[in-house]
Amino acid sequence: MQSLKDYIYKNEFTSKFPGDDSGDLSPRQTPGALYSKAVPTPVSKPELLAWTETLAEDLNIAYPTDEDLEILAGNKITASMHPYAACYAGHQFGNWAGQLGDGRAITLGEWENKGKTYELQLKGAGPTAYSRSADGRAVLRSSVREYLMSEAMHHLGVPTTRALSLVYTGDKILRDMFYDGNAAYEPGATVMRVSESFLRFGNFEILAARKERENLENLVHWTIDKFYPHITGENKIISWFKEVIERTAHLMVEWHRVGFVHGVMNTDNMSILGQTIDYGPFSFLDDYDPGFTPNTTDLPGRRYAFGNQPSIGLWNLSRLATAINPLFEDSAKLEEALNTYENIFWNKYYQMMGEKLGLDEVKEEDKMLISNFEEILAKVKPDMTIFYQLLIDIPEDISEEEKIMNHFGECFYTEPQDEVKTTFLDLLKTYSERRKANKISASESKELMRKTNPRFILRNYLLHQAIEELEQGKNELFEKLRTALKDPYSDKFDEFLKKRPNWATKKAGCSMLSCSS
Ligand code: AMP
Ligand code: MG
């Protein structure tokens with residue numbers, strides 16, 4: 001194992017591309033630069049709150065010594081590091097926002113292991129050239145949320161950036177959590193995030209907006225050669241774009257499978273690798289409501305609601321297409337590629353839903369059953385996770401209506417009545433017959449469902465409780481959640497297989513969140 005302190009870091013991105021190496025941390029536009037050097041600003045009393053053993057082992061990183069902890073807190077950089085904030089732009093809530101950049105993230109260096117390199121990126125380490133009017137810091141609550149949730153997504157099998165450490169800074173920071181003029185001091189923290197790359201659609205958009213064709217071309221080629229090395233031949237760029245489309249569609253389907261709502265799908269939060277990136281006001285669905293957005297800022301238009309995510313994925317890909325358009329003679333190939341998104345998405349979606357429902361295959365007529373499922377669930381609004389768990393063991397004799405209603409009793413926030421109840425029961429009858437017609441055995445069907453439907457999800461109210469405890473110096477729930485999230489398909493953590501409690505329905509941080517983190 002190698003220590004964070006003694007490792008000789010790679011700095012391929014900063015050596016390959018032009019950047020602003022002045023180290024100036026004052027907010028400004030940086031034309032011509034793909035990054036700006038940024039040394040983390042020291043904090044007063046670092047304390048390690050969590051270290052991700054599994055990730056550290058994968059990367060061959062030794063458990064942090066006191067000196068390593070200083071690196072994780074932003075108090076120390078080593079001689080081989082070239083710390084920087086990346087410059088990117090973005091479309092936020094559908095509007096061009098111009099230059100954004102890493103305002104509170106600093107990549108310290110690249111770590112190589114088994115032929116791959118990983119950015120070690122510190123979030124919450126103080127201002128950079130891109131912090132605009134903000135402080136570059138992150139509060140404990142948002143850091144705990146990112147730390148736990150990115151690891152939870154990893155163990156669910158959803159593409160995501162990861163988190164290596166969570167560190168208290170010992171400093172308080174001022175936040176107006178509800179944007180109502182009542183700012184308060186909250187504990188600060190840093191998270192060391194890890195991914196092969198944190199490049200976003202916005203890193204390409206900024207170069208197109210600034211008309212830096214050479215930088216754009218170089219970044220595209222570098223991205224392909226480094227992260228998509230299997231793409232070779234004449235038409236590399238379009239092949240790569242098609243793969244980004246494919247990965248983005250896959251990610252949307254995976255979010256749908258587990259009931260994840262990102263909450264801020266701006267183009268600066270879309271990973272070029274198709275990973276879940278930048279955990280902010282996200283949420284899992286408790287009750288199945290496609291119109292649910294966890295982000296208070298998104299409430300007026302619900303642009304980033306659960307059910308809109310796949311179409312926003314396409315909208316964002318269109319922005320990426322516009323950005324790389326200067327590298328093509330005309331836009332026909334890009335448009336053609338974009339037009340394939342819907343098909344790719346639906347094929348993956350039906351395949352995934354078939355597995356969620358324990359079907360041996362998805363025939364044409366099953367698609368209707370799947371759409372009916374979505375439609376009726378949106379009316380019944382059961383707890384999504386509990387509903388699918390109960391569906392695995394749906395009683396054989398579906399004709400006894402009361403027995404069926406009892407079986408699903410635990411998943412209802414409001415028990416369906418009248419017409420909704422009738423359509424719900426009819427749907428389950430059709431479904432049950434379809435499952436009995438499977439060519440695979442009943443136990444194989446159940447096994448497929450158990451592998452596809454998570455039994456443990458990191459609900460917002462659980463995160464909220466864990467954060468409240470941590471703020472009082474207790475880590476019992478935090479540690480329990482850390483353990484449970486590693487095994488989300490097992491029944492070992494059934495103490496958490498519960499609906500969102502009533503008290504959490506309207507409480508800030510338990511269902512809705514603001515971006516002020
Ligand atoms: P987000 O909504 O978290 O994706 O952030 C949008 C932009 O605001 C990005 O450029 C962030 O780096 C920046 N940002 C968010 N919070 C802060 C902060 N506390 N300090 C500096 N920049 C921030
Ligand atoms: Mg962001």
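Since this is a predicted model, take the numbers as computed values, not measurements. Atoms within each ligand, like the ligands themselves, are counted from 1 in listed order.
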Residue Asp278 vicinity, atoms of ligand 1 by number, heavy atom under 4.0 Å: 4 (O)
Surrounding NZ of Lys348 (heavy atoms of other residues, nucleotides or ligands, distance under 6.0 Å), is the total greater than 12? yes
Contact summary for Met265 and Asn316, nearest pair of heavy atoms: O-ND2, 2.9 Å
Apply side chain to side chain donor-acceptor pair (under 3.5 Å) to Arg459 and list each qualifying residue two or more places apart in sequence or on a separate chain. Asp286, Asp383
Could you please tell me which protein N, O or S atoms lie under 2.8 Å from the Mg ion (ligand 2)? Asn269 OD1, Asp278 OD2
Knowing that exactly one of Asp21, Thr128, Asn203 qualifies, which makes a side chain to side chain donor-acceptor pair (under 3.5 Å) with Tyr35? Asp21
Out of Arg132, Glu146, Met265, whose heavy atom is nearest to atom 8 (O) of ligand 1? Arg132
Does ligand 1 come near enough to Tyr130 that some N or O of the ligand is less than 3.5 Å from an N or O of the residue? no
Enumerated ligand 1 atoms positioned under 4.0 Å from heavy atoms of Leu100: 10 (O)
Give the atom numbers and elements of ligand 1 that come within less than 4.0 Å of a heavy atom of Asn269. 4 (O)
Option whose closest heavy atom lies nearest to atom 12 (O) of ligand 1, chosen from Ala138, Gly103, Ala97: Gly103
Tell me which part of Asp135 gets within contact of ligand 1: side chain, backbone, both or neither, using heavy atoms under 4.0 Å. both
Non-neighbouring partners of Pro27 that pass side chain to side chain contact (heavy atoms under 4.5 Å, CB included), sequence neighbours left out: none
Just distances here: any N/O of Gly136 and N/O of ligand 1 closer than 3.5 Å? yes
Using the six-membered ring wherever Trp is involved, compare the ring planes of Trp240 and Phe204 and label them parallel, tilted or perpendicular (cut-offs 30° and 60°). tilted
In the structure I gave you, are the side-chain heavy atoms of Phe328 and Ile238 within less than 4.5 Å of one another anywhere? yes
Taking the six-membered ring of Trp315 as reference, does the cationic atom of Arg303 (NZ for Lys, CZ for Arg) lie under 6.0 Å from its centre and within 45° of its axis? yes
Do Gln92 and ligand 1 have an N or O pair less than 3.5 Å apart? no
Quick one: are the ring centres of Tyr88 and Tyr130 less than 6.0 Å apart? no
With the threshold set at under 4.0 angstrom, would you say Gln99 reaches ligand 1 through any of its heavy atoms? no
Phe201 ring centre to Arg319 NZ or CZ under 6.0 Å, with the angle to the axis within 45°? no
N/O donor-acceptor pairs under 3.5 Å from side chains in residues 468-480, not counting sequence neighbours:
from, atom 1, to, atom 2, distance (Å)
Glu469, OE1, Leu477, N, 3.3
Glu479, OE2, Arg482, NH1, 3.4
Lys480, NZ, Glu495, OE1, 3.1

Which ligand 1 atoms are under 4.0 Å away from a heavy-atom of Arg175? 19 (N)
Going by the closest heavy atom to atom 9 (C) of ligand 1, which one wins out of Gly101, Gly263, Gly124? Gly101
Relative to each other, are the rings of Phe306 and Tyr288 parallel, tilted or perpendicular (30° and 60° limits)? perpendicular
